[in-house]
Amino acid sequence: MMVSRGLFGWSPPHIQPLTPVSEVSEPPESPSPYMDQGAETAGQQVEPEEVMEEMEEIEPPPAAVPFSRLFACADRLDWALMIVGSFAAAAHGTALVVYLHYFAKIVHVLKIDPNNHDELFERFRELTLTLVYIAVGVFAAGWIEVSCWILTGERQTAVIRSRYVQVLLNQDMSFFDTYGNNGDIVSQVLSDVLLIQSALSEKVGNYIHNMATFFSGLVLGFINCWQIALITLATGPFIVAAGGISNIFLHRLAENIQDAYAEAASIAEQAVSYIRTLYAFTNETLAKYSYATSLQATLRYGILISLVQGLGLGFTYGLAICSCALQLWVGRFLIRDEKAHGGEIITALFAIILSGLGLNQAATNFYSFDQGRIAAYRLFEMISRSSSAVNQDGTTPFSVQGNIEFRNVYFSYLSRPEIPILSGFFLSVPAKKAVALVGRNGSGKSSIIPLMERFYDPTLGEVLLDGENIKNLKLEWLRSQIGLVTQEPALLSLSIRDNIAYGRDATFDQIEEAAKIAHAHTLISSLERGYDTQVGRAGLALTEEQKIKLSIARAVLLNPSILLLDEVTGGLDFEAERAVQEALDLLMLGRSTIIIARRLSLIRNADFIAVMEEGQLVEMGTHDELLTLDGLYAELLKCEEAAKLPRRMPLRNYKETAAFQIEKDSSASYSFQEPSSPKMVKSPSLQRVPGIFRPSDSTFNLQESPRAGSPPPEKMLENGQPLDAADKEPSIRRQDSFEMRLPELPKIDVQSAHRQTSNGSDPESPVSPLLTSDPKNERSHSQTFSRPHSQSDDVPVKVKEAKNTQHREAPSFWRLAELSLAEWLYAVLGSTGAAIFGSFNPLLAYVIALIVTAYYKKSGEGHDLRQEVDKWCLIIACMGIVTVVANFLQHFYFGIMGEKMTERVRRMMFSAMLRNEVGWFDEEENSADTLSMRLANDATFVRAAFSNRLSIFIQDSAAVIVAVLIGMLLQWRLALVALATLPVLTVSAIAQKLWLAGFSRGIQEMHRKASLVLEDAVRNIYTVVAFCAGNKVMELYRLQLKKIFKQSFLHGMAIGFAFGFSQFLLFACNALLLWYTAYSVKHKYMNLPTALKEYMVFSFATFALVEPFGLAPYILKRRKSLISVFEIIDRVPKIEPDDNSALKPPNVYGSIELKNVDFCYPTRPELLVLSNFSLKVNGGQTVAVVGVSGSGKSTIISLMERFYNPVAGQVLLDGRDLKLYNLRWLRNHLGLVQQEPIIFSTTIRENIIYARHNASEAEVKEAARIANAHHFISSLPHGYDTHVGMRGVDLTPGQKQRIAIARVVLKNAPILLLDEASSSIESESSRVVQEALDTLIMGNKTTILIAHRAAMMRHVDNIVVLNGGRIVEEGTHDSLVAKNGLYVRLMQPHFGKGLRQHRLV
């Protein structure tokens, strides 16, 4: 049975197309290749795909270790396992050839006189038993082979992993500067280790197995009939050449298709990462258009690939079939001269084919071996790196006074040796005093900490501690004397308790005590699991302030004699800053302290202030001495004062009692009636960030620098200026014209286009009504839409959601068919090819059987022999020619269909993503990375699930139908028995694939989790090293590896068993078939030649039948992706982006009102950000919103932009609920500038005209002038055409901010929402940005400003002070100053102690 299969190149050709080459983006299928041969494709097919899968990693031939080095970490047990595994693999590999040997004997039974039934039956019985013995042998060999290799692979790689980690954690810091201290080093290791693992375990076994097949096949072929064996070998090169040539082309194309998709992927990724900006500027259509255009290139290459694939496979199979015809024809002469008998001829033919396939399969492993050797080179090179210059044997003084001195220090980072950081730096810090270092950016102040911690050694000069050069001290001891608190506190994915202990053995009481000193105890106790709460990437996200408190607790626990503080409170707002400052003041008592500060206001109470410039110390003294000096310090201070008067405001201090609380409430209720209207609010999600412990922030808090609550990378603000109709109209047209050019965008968009055009209706929105409109009259409308309205609004949404959750099952086949209806013609042509090719499988078997029986006819009919054999050989040759055409049709047309489908699905997914509300993007599973991965991979699965599935299904159905027909015509009984074995074979094929795929998947998942510990450690390597926590990390990792090993042991045994058993079933079923053949002959159901013809046909055909089921796991695995694809496409957005029936009034007056709004972020429903909040802004007014971080300032902006809907209450524009307006129309009238400006990686011009694509050059320059950006842009070599690096890396924060402002100026919207960002910009550049913002606000627009600095407050009509989601004070700057309430404390530094408000949940 198995033999025969060989003829066709072993497996039906579909396997490879299943993973069409264009799917390069796909991860390799199951890493373990122990599939039964039946399921393994012909080598030529496998190669293209395997190679492609990892194409990306190939550069000019990289360095690799010799193969033997892969086993460097094997111990005696491993060698024993490998030797046993190799023997088993070899035995398993020869099994098929041994079967062939007996197949010759089965055929030779034809020699026996058909009338001698007993002898016949006896002979058949012996052969059947032999087959059963082979089956048992295969079972044992398969089990031993797989389990030994899997086990030894896991054991050896565990050793490599832990060695690598050990070395990694001991590297110099300069290593991390050079290689980046993000998690890449770790994920690289993970993928490298997996490559080594697959090379040294599974692939070696597979290689031995296939080589055994190769050698035994050759030997058997020559023993049976050397003439046929030679001819077969001679035709081999042609067959291989056909496959090889097409592979060369496929590789080239695969590289091209990847490059082509990369461009589309980056468009998609930017769109999703900056979704708020995209929405604020209503640029969805533009994004979809660019994405669709860049997909076209991918489509072209995909079609070329199908073409090459079709021809390559066609010729490979066609030549193989023709060569069969040749051999059988030559066999006729051998029979005539009695050089061989029929059984020997057929066995020799198949044995050589089989050995060729074995060789081919063996060759596919070389790629993995190379990958493994290259990966091993990278890892071993790293492992052999000397660990850091750690001096473990230095001295350890008994006590530390704490006198620190830097003496003539010169220093530059190894990664950038040409840039001097310190040049001749002197500094002495007396014991137990605090010295603050200040200086402009780049003055070298930050390098003092790493030098003190000895992450680096100075190039020249020395650093002394109590007069002893720190190079002579024992490193661990030195670091244990230094407490480090940095701007970005590092948390490992562990519990809070472990994060405070951080590698130290401390009792729980000590940890608690440390937390109390750091003001973190109350916060921690308020959490459900207290000190056992998991934090870090896998756990609770903390705000910046909370993280800093934990890192202070960590320093307290260390009880160091020296303290290094790096701009700790830089990212906090005033209130948080107070709290942290207090904890720090306690910590600093009686310790020598070095503070690196950017904000001078924070350090007035330091004992000494040292001013640095260009890596040297220029001034030193107390605050007052330096002021009288009137040097650099005084200048820096002036700059800062000017730029941000109240920047140092330590935020609201609040030790006050309930009395204040009451006052707050009453003032709040009072503010509701105030007609005065605040004017400019900040985007919600923005500000909340580093707030009080409100977990809800965490969502945004993840990557941003927390600085004043920076918004998630995306809260882009729109700019606003009065909307000139003139500008407005064309921009609408532009969207339209795009639509015209996009004939094939999915329908979704086309509608949106019409909706968009309807904005055309507001060309002349006059600005004047801003002034005339009377807010009171307007308010009267609002009664009609009072609160109940919004509730009814939410109902349908809930229903929809419920519906959504229910249909999580995979889409039906028809749903997929609908997607490709457009290509029905291709489907018909492809199916024709598939059906023809499929039916050739049993037909060919039948014809060969006819020839073999003809060989055995009595010599009297000699003349007949010649005619008959010639006739059938010709027919086979014709079949070979038709095969070329059939294969071409099948692969080419199904390929086109699949490519078009992939492209269509990608476009549909992308369009659907861009309809969702912002809350959807906040969810973890919809992060930019995940979504761009899904676009890349999942769409190809739709193709795999449909066009590839269809192709195989048709091909195999044809094979089954033809086989059954032939069987029924010959003898129905045997046909039924053959069909009965199918389910068993199917189960075995499925089991085998599932086990293999499942095995590596489960283990990889566990390795991924284990590596999280490492990634955290590497990301925070400074902290890990400073606190000597390397061993702790190592210990955690080893623990994980132990767990994994246990699992993999059980897994390995189970898989080995399943694998062996599935192989056993294949042989056993064949034995059953043979026994029944004998039984039929004995009972005279049919004559002997017919019986053997039928046995041969079914031995062939069963494979074709089992094949599609073997693919089941492939398809099942894809089901998940299919579900995710259609979940995205079918999702109903909670905020409908283009509702044509919605309002698009021609004019906007700009009066804004928030009425009794309650709001919480969808990702954190338990935290109310705004509760019963009301605020009114009249048209044309400018309102500033100030408040503690986390008080809900930014939320106001997000609600205005309708990124979110309020939970209760209403947001009104011109007296009408925002929900009544068309969403895109609304966003066109809002100008948003956010704290963290988003810059796309394209030219500066493109970034500015993002607001209005039809803007003229003059308008762009004018906008840039208004935003104070024209000057710096013109000074760049390429001016406006300067390309801003990935995500705008090459600009300073101040420049980005100005470009964002220019964008808003150009948009010219009647309502401005500004989230002021100056806090993250150095004093000097923030002055320029400040001027730009002032200019912007001067226009007569409704403006809501989230402000951090008093300088802005003079220009606004009204100021609203928020606390805990409510308004506590309201009025002009002067009236609020007179009140001397919360506002004054926010705007001025040192008033009393700042206690952070605790939010009520």
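Index from 1, following the sequence.
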Q | Distance-minimising heavy-atom pair for L829 and L889 | A | O-CB, 3.9 Å
Q) Does a salt bridge link R904 with E899, judged by any charged N lying under 4.0 Å from a carboxylate O? A) no
Q: Report yes if some heavy atom in the side chain of L311 is under 4.5 Å from a heavy atom in the side chain of S246; otherwise report no.
A: no
Q. Do L304 and F249 touch side chain to side chain, with heavy atoms closer than 4.5 Å?
A. no
Q: For atom CZ of F315, decide whether the heavy atoms of other residues, nucleotides or ligands shown that lie under 6.0 angstrom number more than 12.
A: no
Q | Worked check of ring-ring contact (aromatic ring centres under 6.0 Å, His included) between Y317 and F840 | A | CA-CA 11 Å; Y317 289 122; F840 277 9; over 10 Å; no
Q. Quick one: are L844 and I848 in side-chain contact, heavy atoms under 4.5 Å?
A. yes
Q) At their closest point, which heavy atom of I851 faces which heavy atom of C873, and how far apart are they? A) CD1-SG, 4.1 Å
Q) Any side-chain heavy atom of Y261 within less than 4.5 Å of one from I257? A) no
Q. Any chance the side chains of T298 and E903 put a donor and an acceptor closer than 3.5 Å?
A. no
Q: Determine, step by step, whether I876 and L328 satisfy the side chain to side chain contact (heavy atoms under 4.5 Å, CB included) criterion, reporting the C-alpha distance in whole Å, the side-chain angles of both residues, the deciding distance to 0.1 Å, and the verdict.
A: CA-CA 10 Å; I876 294 180; L328 292 167; 3.9 Å; yes
Q) How far does CZ of F953 sit from OG of S831, to the nearest 0.5 angstrom? A) 11.0 Å
Q) Around atom CZ of F214, are there more than 12 heavy atoms of other residues, nucleotides or ligands at under 6.0 Å? A) yes
Q) Per the side-chain contact (heavy atoms from CB on, under 4.5 Å) rule, which among N360, L319, I353 passes with I239? A) L319
Q) How many angstroms lie between CG in L195 and CD in Q371, if you round to the nearest 0.5 Å? A) 5.5 Å
Q) For the residue pair S306 and H891, what are the closest heavy atoms and their distance? A) CB-O, 3.6 Å
Q: Rounded to the nearest 0.5 Å, what's the gap from CG on L931 to CE on M909? Could you check?
A: 8.0 Å
Q. Do any N or O atoms from the side chain of R906 and from the backbone of L295 form a donor-acceptor pair under 3.5 angstrom?
A. no
Q: Might you confirm whether atom OH of Y826 has over 12 heavy atoms from other residues, nucleotides or ligands at distances under 6.0 Å?
A: no
Q | Pairwise distance OG(S290) to CD(E263) - rounded to 0.5 angstrom | A | 9.5 Å
Q: Measure across G318 and V884 and return the closest heavy-atom pair with its distance rounded to 0.1 Å.
A: CA-CG2, 4.1 Å
Q) Given V905 and T902, is the side chain to side chain contact (heavy atoms under 4.5 Å, CB included) satisfied, shown in steps? A) CA-CA 5 Å; V905 170; T902 306; 6.0 Å; no
(Q) Check this for me: F366, atom CZ, are more than 12 non-hydrogen atoms of other residues, nucleotides or ligands nearer than 6.0 Å? (A) yes
Q | Separation of I346 CD1 from C324 SG (nearest 0.5 Å) | A | 8.0 Å
Q: Mind running side chain to side chain contact (heavy atoms under 4.5 Å, CB included) on Y289 and I267 for me, showing each step along the way?
A: CA-CA 10 Å; Y289 176 69; I267 292 177; over 6 Å; no
Q.
What verdict does the side chain to side chain contact (heavy atoms under 4.5 Å, CB included) test give for V1125 and M908, after you've listed the backbone C-alpha separation in whole Å, the side-chain angles of each residue and the deciding distance to 0.1 Å?
A. CA-CA 9 Å; V1125 168; M908 288 171 70; over 6 Å; no
Q. Are R907 and K288 close enough that some pair of their side-chain heavy atoms sits under 4.5 Å apart?
A. no
Q) Mind checking whether D938 and M933 have side chains closer than 4.5 Å, heavy atoms only? A) no
**Q.** From NE2 (H251) to CG (N256), nearest 0.5 Å
**A.** 12.5 Å
Q: Please answer whether the main-chain N or O of A292 pairs with a side-chain N or O of Q296 as donor and acceptor at a distance below 3.5 Å.
A: yes
**Q.** Over 12 foreign heavy atoms within 6.0 Å of OH, Y377
**A.** no
Q: Identify the two heavy atoms, one from A325 and one from A877, that lie closest to each other, and give their separation to 0.1 Å.
A: CB-N, 3.9 Å
Q. Would you call V204 and N365 a side-chain contact if the rule is heavy atoms closer than 4.5 Å?
A. no
Q | Minimum-distance pair of heavy atoms, taken over all atoms of S216 and T213 | A | OG-O, 3.3 Å
(Q) Just so I know, are the side chains of F888 and L307 near enough to count as touching, which here means a heavy-atom distance under 4.5 Å? (A) yes
